[in-house]
Amino acid sequence: MELSFNPFDSLVCILLGISFTVWFTLLLVFIIVPAIFGVSFGIRRLYMKTLLKVFEWATLRIERGAKEKNHHLYKPYSNAIIAKEPTSLEEEIKEIRRSGSNRDLDSASEFEMSDIFYFARRGVESIMDDEVTKRFSAEELESWNLLTRSNNNFHYISLRLTVLWGLGLLIRYGFLLPLRVTLAVTGVSLLVILTSVIGLLPNGRMKNFLSEKVHLMCYRICVRALTAIITYHDSENKPKNGGICVANHTSPIDVIILASDGCYAMVGQIHGGLMGVIQRSMVKACPHIWFERSEVKDRHLVAKRLSDHVEDKSKLPILIFPEGTCINNTSVMMFKKGSFEIGATVYPVAIKYDPRFGDAFWNSSKFGMVNYLLRMMSSWAIVCSVWYLPPMSREEGEDAVQFANRVKAAIARQGGLVDLLWDGGLKRAKVKDTFKEEQQKLYSKMLVGTQEDRSRS
């Protein structure tokens, strides 16, 4: 049997080999090696500035086109929240009684029909401007960033803009997505292989040193897989061993955003599949804290494991997201008190993403992890700022809830986020009866207090 020789097939194989060689050489020289040494050539920041100019030009074209056609295809909107001055239930009800009656308030009965209007108004306000559920959907943008998510009000304006959108689609899916997938696979593979090898070494300084270097290198490669452009502020306040780092939570990538600037001991539930493989390899090289599903609900066991970890000053600081769920980058919701009961030094960190380049928020009730990662890797970039706040400790006479609220307020203030008292668990659950009972108690206390004041007089 004779084998025919086809020069065309050989040429194709040679060209493919050269293409793959050039591709991986570029990745190695411009991305992987700089990630290993923690340096940057400034290419990503130049890319970000170029994108901003394109977004501004596109937005101006849309506004001009809408104006010329005399319609409202595009409406600039702001995500700013105007907060009214806080007033108590008693003050608001007194105001309603005052406007609806000429009688002296002190001689009024314990209950008036006009009081109903207060609760009716609050109910309507909650429906019209629900400050909780809107935190679980993507925040709106003031300008068009050539992504479908923020393009709901856009229709055909001009051929030039349509071509620009198509070119952006080609760049994101034809070039950026394959590049990022390659980097992500490289980073995760190196993390699994190298941490498994380091886990074979005896415990000691050398093992800890190599573990930290490997974790930093792999996280930095993964950061580049998202074209993440991160600005770190006040690095002198970075978390130290024996402490707990707490941060607001927008996305699963919050972990690699922080871990690419310093090593942390992770806390979480044991998973199966690929995530389980990563967890098992990581814990061999570094004392991360993984819980079985049955152990997560045991608060005493969780607190004991965390307390034992922070007491050992040679171990890395623990990274915790006390909200327990992802919030859409506009606010900070209630911090669970568990990590604030231990008594360790808390290092607050504020993370704020720039939504103009891509939506980092993970709506887990709407998108699965694979779908979410695809959206992230096909966005323009992930741009964010990280602020390390001064360490905080529990003050005398302060309980865990008050301490958690104080830390949360500091994070919200620094990150320009709205400080909310609501539980992020409302993302998947109904409002607890205790919230309703609290309003009932406030109203009944007001009536009882009024009656006591009359009896004194």
Check whether [X] reaches the backbone of [Y] with its side chain - one donor and one acceptor, N or O, closer than 3.5 Å.
X: Lys408; Y: Leu420; answer: yes
X: Ser211; Y: Ala285; answer: yes
X: Glu323; Y: Met333; answer: yes
X: Tyr47; Y: Trp380; answer: yes
X: Arg172; Y: Ser378; answer: yes
X: Thr182; Y: Pro178; answer: yes
X: Ser260; Y: Ile256; answer: yes
X: Ser189; Y: Thr186; answer: no
X: Arg356; Y: Leu52; answer: no

| field | Of Ile411, Asp254, Asn329, the residue whose pairing with Asn248 passes side-chain contact (heavy atoms from CB on, under 4.5 Å) | value | Ile411
Of all heavy-atom pairs between [X] and [Y], which one has the smallest distance, and what is that distance?
X: Ile382; Y: Ser379; value: CD1-OG, 4.1 Å
X: Val267; Y: Trp290; value: C-CZ3, 4.1 Å
X: Ile327; Y: Ser331; value: CG2-OG, 3.5 Å
X: Asp419; Y: Ala412; value: CB-CB, 3.9 Å
X: Gly242; Y: Ala344; value: O-CB, 4.2 Å
X: Ile229; Y: Arg45; value: CG2-NH1, 3.5 Å

Does atom [atom1] of [X] have more than 12 heavy-atom neighbours from other groups under 6.0 Å away?
X: Lys304; atom1: NZ; value: no
X: Lys238; atom1: NZ; value: yes
X: Met369; atom1: CE; value: yes
X: Glu236; atom1: CD; value: yes
X: Lys337; atom1: NZ; value: no

Side-chain heavy-atom pair [X], [Y] within 4.5 angstrom cut-off:
X: Phe340; Y: Gln402; answer: no
X: Asn405; Y: Phe335; answer: no
X: Arg305; Y: His309; answer: no
X: Ile342; Y: Val310; answer: yes
X: Thr345; Y: Tyr347; answer: yes
X: Cys263; Y: Leu216; answer: yes
X: Leu210; Y: Leu201; answer: yes
X: Asp354; Y: Cys384; answer: no

To the nearest 0.5 Å, tell me how far [X] [atom1] sits from [Y] [atom2].
X: Ile351; Y: Leu417; atom1: CD1; atom2: CG; value: 10.0 Å
X: Ile193; Y: Cys218; atom1: CD1; atom2: SG; value: 9.5 Å
X: Phe361; Y: Ser251; atom1: CZ; atom2: OG; value: 9.5 Å
X: Arg406; Y: Glu398; atom1: CZ; atom2: CD; value: 4.0 Å
X: Thr227; Y: Arg180; atom1: OG1; atom2: CZ; value: 3.5 Å
X: Met377; Y: Leu183; atom1: CE; atom2: CG; value: 8.5 Å

| said: Could you go through Met266 and Val255, starting from their C-alpha distance and side-chain angles, then the distance that decides it, and tell me whether this counts as side-chain contact (heavy atoms from CB on, under 4.5 Å)? | reply: CA-CA 9 Å; Met266 309 298 176; Val255 173; 3.5 Å; yes
| query | With ring centroids as reference points, do His215 and His288 lie under 6.0 angstrom apart? | reply | yes
Atom pairs and distances, donor-acceptor, side-chain atoms in residues 385-392, under 3.5 Å, two or more places apart:
from: Tyr388; atom 1: OH; to: Asp261; atom 2: OD2; distance (Å): 2.6

| field | Check against side-chain contact (heavy atoms from CB on, under 4.5 Å), Trp165 and Val163 | value | CA-CA 5 Å; Trp165 179 82; Val163 170; over 6 Å; no
| request: Describe, in one word, how the ring planes of Phe321 and His249 are oriented to each other, choosing from parallel (under 30°), tilted (30 to 60°) and perpendicular (over 60°). | output: parallel
| message | Determine whether Leu306 and Glu341 satisfy the following criterion, side-chain contact (heavy atoms from CB on, under 4.5 Å), listing intermediate values before the conclusion. | response | CA-CA 10 Å; Leu306 296 179; Glu341 293 176 320; over 6 Å; no
| query | Do Tyr372 and Asp359 have side-chain atoms, one donor and one acceptor, less than 3.5 Å apart? | reply | no
| query | Yes or no on side-chain contact (heavy atoms from CB on, under 4.5 Å) for Ile253 and Trp362, after CA distance, side-chain angles and deciding distance? | reply | CA-CA 9 Å; Ile253 68 167; Trp362 181 33; over 6 Å; no
